[in-house]
Amino acid sequence: METPVEESESKVVEEEVGRVLEQAKELQESASSLISRTNNDEQSLRQRALSLDSSIRRLRSLIDSLLSRKLLDHKFADKLEEDLQRARCILADGDAAAFLPTKPQGRFLKMFLGPINVRATQKDVQLKVKEEYNSYRDKTALLFLLFPSTLLCLRSWVWDGCLPAFPVQLYQAWLLFLYMGLAMRENILRANGSDIRPWWIYHHYCAMIMALVSLTWEIKGQPNCAQKQRGVQLFLQWAIMQGVAMLLQNRYQRQRLYTRIALGKAKRMDVVWGETAGVDGQLWLLCPILFLMQIFEAYVGLQLLKTALVGVVPEWQVIFCGMLLVFMAVGNFINTVKTLMVKSRFKAKMKRTKSRPELQ
């Protein structure tokens, strides 16, 4: 039988449990009400963002139509286009971007991550993703330069001109990891609104496939090691050039991108493209290196094909990697030329805009 003291303590505990239960119910109701209001507000903002995005597209089409019918002055049209571009950057680069339709994540992300949403709703989180991508590029550019340089130096000084299979395969495994990491990050950036050209992502897919295939490629040794490993040696030399080009891109082009963001010409989530042109003084330094690298990439591919076809290393991996290198070189060249043409049109447009006040 309970004493009066024990009975009193039981009632106190019962009252506290009841109070906690009521508080939990009230909190649930408040949270549900807040979520409902937030969903309604989000829906309203989403409709406004979609309407504004549609208006920008409609006005651009209208300006193009008026220009084609010569009903609008070119200089005035350039000013209108510039203002519309700034409006588009404000919409796509601010907090309102979270209410715009998201880009499809693509099969690559779904294959590795499943059907999860990788789009960040907060702009500061998106910018952290971009900064992590830039940091990853900086680190891998140095490794891209040092890894093949070390292998070639050891080949000459330690290995008597004949590369062992394991270090080369270790390098190829690292390449697979590198390009997979780049492709993963670039797909996530695109899902968060970054303007990355599809070709550079496809280029990394091709490089992943080539690294995977090359892992099954038997590295031939003596006798006649120099002739058998000619393709491997050329590929390592091309990789050194690629590392130099990546360092130049990371240093010069990012400065230009920050300037374009400050002028409202680009979004904060945009990143340096695979072979984008830099500013005028840097253009003469970077472009010859890029074109030389692409020509050398095609040459390495053709040498691999020649090695396989003449019977020195008659393996399907050699033929496949050679064809893939030539394909990537041609794709890089075409997209670099397209980028330069876009830059040329942009510069001509800016000159017309600057000359307008002088004429007035």
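One is the number of the first residue; the rest follow in order along the sequence. Values in this document were obtained by computation on a predicted structure and should not be read as measured data.
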Would you call the rings of Trp200 and His203 parallel, tilted or perpendicular, where under 30° means parallel and over 60° means perpendicular? perpendicular
Sidechain-backbone polar pair: [X] side chain, [Y] backbone, donor-acceptor under 3.5 Å:
| X | Y | answer |
| --- | --- | --- |
| Thr336 | Asn332 | yes |
| Asn335 | Gly331 | yes |
| Ser156 | Leu152 | yes |
| Thr216 | Leu212 | no |

Euclidean distance, [Y] [atom2] relative to [X] [atom1], rounded to 0.5 Å:
| X | Y | atom1 | atom2 | answer |
| --- | --- | --- | --- | --- |
| Leu236 | Leu151 | CG | CG | 5.5 Å |
| Ile63 | Leu80 | CD1 | CG | 4.5 Å |
| Leu45 | Leu52 | CG | CG | 12.0 Å |
| Asn134 | Glu132 | CG | CD | 9.5 Å |
| Leu109 | Arg107 | CG | CZ | 13.5 Å |
| Leu84 | Leu62 | CG | CG | 10.0 Å |

[X]-[Y] side chain donor-acceptor pair, cut-off 3.5 Å:
| X | Y | value |
| --- | --- | --- |
| Gln28 | Ser32 | yes |
| Arg48 | Gln43 | no |
| Arg37 | Ser33 | yes |

Show your reasoning for whether salt bridge (Lys or Arg N to Asp or Glu O under 4.0 Å) applies to Arg86 and Glu82. CA-CA 6 Å; Arg86 287 200 179 97; Glu82 199 171 320; 3.1 Å; yes
Near [X] [atom1], under 6.0 Å, is it more than 12 heavy atoms from other residues, nucleotides or ligands?
| X | atom1 | result |
| --- | --- | --- |
| Tyr205 | OH | yes |
| Phe327 | CZ | no |
| Met184 | CE | yes |

With clusters defined by side-chain heavy atoms of hydrophobic residues (ILVMFWY) lying less than 4.5 Å apart, directly or transitively, does [Y] cluster with [X]?
| X | Y | value |
| --- | --- | --- |
| Phe296 | Leu302 | no |
| Leu215 | Met208 | yes |
| Ile334 | Tyr299 | no |
| Val326 | Trp316 | no |
| Leu304 | Val330 | no |

Please report the shortest heavy-atom distance between [X] and [Y], naming the atom on each side.
| X | Y | value |
| --- | --- | --- |
| Cys321 | Met210 | SG-CG, 3.7 Å |
| Ser68 | Ser65 | OG-O, 2.6 Å |
| Leu325 | Val300 | CD1-CG1, 3.7 Å |
| His204 | Ala183 | CB-CB, 4.4 Å |
| Cys206 | Met328 | CB-SD, 3.6 Å |

Taking side chain as C-beta onward, heavy atoms only, is [X] less than 4.5 Å from [Y]?
| X | Y | result |
| --- | --- | --- |
| Lys338 | Trp199 | no |
| Val318 | Leu305 | no |
| Asn40 | Ser36 | yes |
| Lys128 | Glu131 | no |
| Arg19 | Gln23 | yes |
| Arg185 | Arg137 | no |

Which donor-acceptor pairs under 3.5 Å do side chains of residues 141-149 form with protein atoms, sequence neighbours excluded?
{"residue": "Ser149", "atom": "OG", "partner": "Leu145", "partner atom": "O", "Å": "2.6"}

Under the salt bridge (Lys or Arg N to Asp or Glu O under 4.0 Å) test, which residues partner Asp64, sequence neighbours left out?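 Scan of Asp64 (salt bridge (Lys or Arg N to Asp or Glu O under 4.0 Å), adjacent residues dropped) gives none.
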[X]: what forms a ring-ring contact (aromatic ring centres under 6.0 Å, His included) with it, not counting sequence neighbours?
| X | value |
| --- | --- |
| Phe112 | Phe108 |
| Phe320 | none |
| Phe291 | Phe333 |

How does the hydrophobic cluster around Val17 look, that is, which other residues are in it when side-chain heavy atoms under 4.5 Å mark a link?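 Members besides Val17, by chain and number: Val13.
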Quick one, Tyr179 with Ile209, criterion side-chain contact (heavy atoms from CB on, under 4.5 Å). Give me CA distance, side-chain angles, the key distance, then yes/no. CA-CA 9 Å; Tyr179 286 120; Ile209 295 171; over 6 Å; no
